[in-house]
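This is the structure I want to talk about, given as C-alpha cells.
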Amino acid sequence: MKLVLCTRNPGKVAELAALLHPTFHVIGPDEVGVVEELPETGDTLEANAEQKARWVHDRCGLPCIADDSGLEVDALGGAPGVHSAHYAGEARDPGANMRKLLRALEGHGDRTARFRTVIAFVEDGRAQLFHGVVKGRILSAPRGTAGFGYDPLFAPEGEERSFAEMTTEKKNRISHRARAMAALLEHVRTR
Ligand code: ITT
C-alpha cells in the first residue's frame, strides 16, 4: 500500500520509514507534487497532525499520515508542548531550543517530562488519530549525537542513556512515535 508521509523533518522520516517498512511503500509530499510548507496552525498536536495529513490528502487523494509531536515538561506546566519545534524562536534551532529548556529548568528539582506523538491517518477523506507517549526525564546537559530535536536532553524511564545515545532501532522500540505507529499498524492489520 502506497502512503504519503507528510513531514519535512528528516529525523521523523528516518524513524517513521523504518517503522512502516515493509507494510507500506512510503513516499514524501514532494513526490505527489506538494512542495509548499505544510500548515500547522492548530493549538493541539491532534489538530496539527490532522491538518498536515489532510492538506496533502486533499491535493493527491492518496492515503496520508502526519506526525505532530511535542515535549511536555512537568515543572514547566507542560511546555514547550505543541510549541516544541519553535520554542526558542521561528528559526526552529534545536540547539537554541535545548539551551532555552535548560535555562527554564534551572533551580527546579523536578525534571520529569514526556514526549507525546499524535499520528493522523487520512484515507478517502476520513481521519483517524493514534497516540503514543514515553515518560522520562530531562538531563542536566546534552548527551549523544543521534536522533534529532531534544533527543540529547531526554532519557526515557528506566534508561541511563539519552535518546541521542541510542540507535534508531533502539529508539524505535520504546519511543512515543513508535507507540503511536504501533497503534496505527494494529488498526490497519485488523480492519
Ligand atoms: P513536520 O511538521 O514537518 O513533521 P516538525 O519538526 O515541525 O516537522 P513538529 O511540528 O511535530 O514537527 O515539531 C515537533 C518538535 O518537537 C520537533 O521539531 C522537535 O524539536 C521535537 N520532537 C518531536 N519528536 C521528537 C523526538 O522524537 N525527539 C526529539 N525531539 C522531538
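Here, residue 1 is the first one in the sequence, and each next residue gets the next number. Order of appearance sets the numbers: ligands from 1, and atoms from 1 within every ligand.
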K52/E46 ion pair, N-O < 4.0 Å: no
Within 4.0 Å of some non-hydrogen atom of K171, the atoms of ligand 1 are 26 (C), 27 (O), 28 (N)
Report task. Give a yes or no on whether a salt bridge exists between R191 and E123, defined as a side-chain N under 4.0 angstrom from a carboxylate O. Result -> yes
Requested in this report: Inspect the surroundings of CD in E36 and state if more than 12 heavy atoms from other residues, nucleotides or ligands are less than 6.0 Å away.
Outcome: yes
Sub-4.0 Å heavy-atom approach of F115 to ligand 1: yes
A student checking ligand 1 against S84 at a 4.0 Å heavy-atom cut-off should list atoms 15 (C), 16 (O)
Exactly one candidate in H57, E50, Q51 meets side chain to side chain donor-acceptor pair (under 3.5 Å) with R54; the answer is E50
Can you check whether E40 has an N/O within less than 3.5 Å of an N/O in ligand 1? yes
Heavy-atom proximity to atom 18 (O) of ligand 1, picking from G147, G70, A178, A85, points to A85
protein heavy-atom neighbour closest to atom 30 (N) of ligand 1 works out as Y150 N, 3.1 Å
- prompt: T7 and N9: side-chain donor and acceptor closer than 3.5 Å?
  reply: no
Between H187 and F121, what is the ring plane arrangement, given parallel below 30°, perpendicular above 60°, and tilted in between? perpendicular
_Do the side chains of R8 and D30 get close enough for a salt bridge, i.e. N-O under 4.0 angstrom?_
yes
among protein heavy atoms, the one nearest atom 8 (O) of ligand 1 is N9 CB, 3.4 Å
Of all protein heavy atoms, the one nearest atom 4 (O) of ligand 1 is T7 OG1, 2.6 Å
A student checking ligand 1 against H176 at a 4.0 Å heavy-atom cut-off should list atoms 24 (N), 25 (C), 26 (C), 27 (O)
Of all protein heavy atoms, the one nearest atom 28 (N) of ligand 1 is D151 OD1, 2.6 Å
Practice item. Could you walk me through whether R111 and D74 pass salt bridge (Lys or Arg N to Asp or Glu O under 4.0 Å), step by step? Key: CA-CA 7 Å; R111 314 279 295 191; D74 291 324; over 6 Å; no
Q.
Whether the S69 and R177 side chains hold a donor-acceptor pair (N or O, under 3.5 Å, no angle test) is what I'd like checked.
A. yes
When distances are taken from atom 2 (O) of ligand 1, the protein heavy atom at minimum range is K52 NZ, 2.8 Å
The option among F154, Y87, F148 carrying the non-hydrogen atom nearest to atom 25 (C) of ligand 1 is F148
closest protein heavy atom to atom 12 (O) of ligand 1 is K12 NZ, 2.8 Å
the protein heavy atom lying closest to atom 24 (N) of ligand 1 turns out to be R177 NH2, 2.9 Å
Closest to atom 7 (O) of ligand 1 among protein heavy atoms sits R92 NH1, 2.6 Å
Within-shell test, D68 vs ligand 1, heavy atom, strictly < 4.0 Å: yes
Flag yes if more than 12 heavy atoms outside R126 fall under 6.0 Å of its CZ atom; otherwise flag no.
no
Quiz item: Does a salt bridge link R137 with E159, judged by any charged N lying under 4.0 Å from a carboxylate O?
Solution: no
*Do ligand 1 and S69 have nitrogen or oxygen atoms that lie under 3.5 Å from each other?*
yes
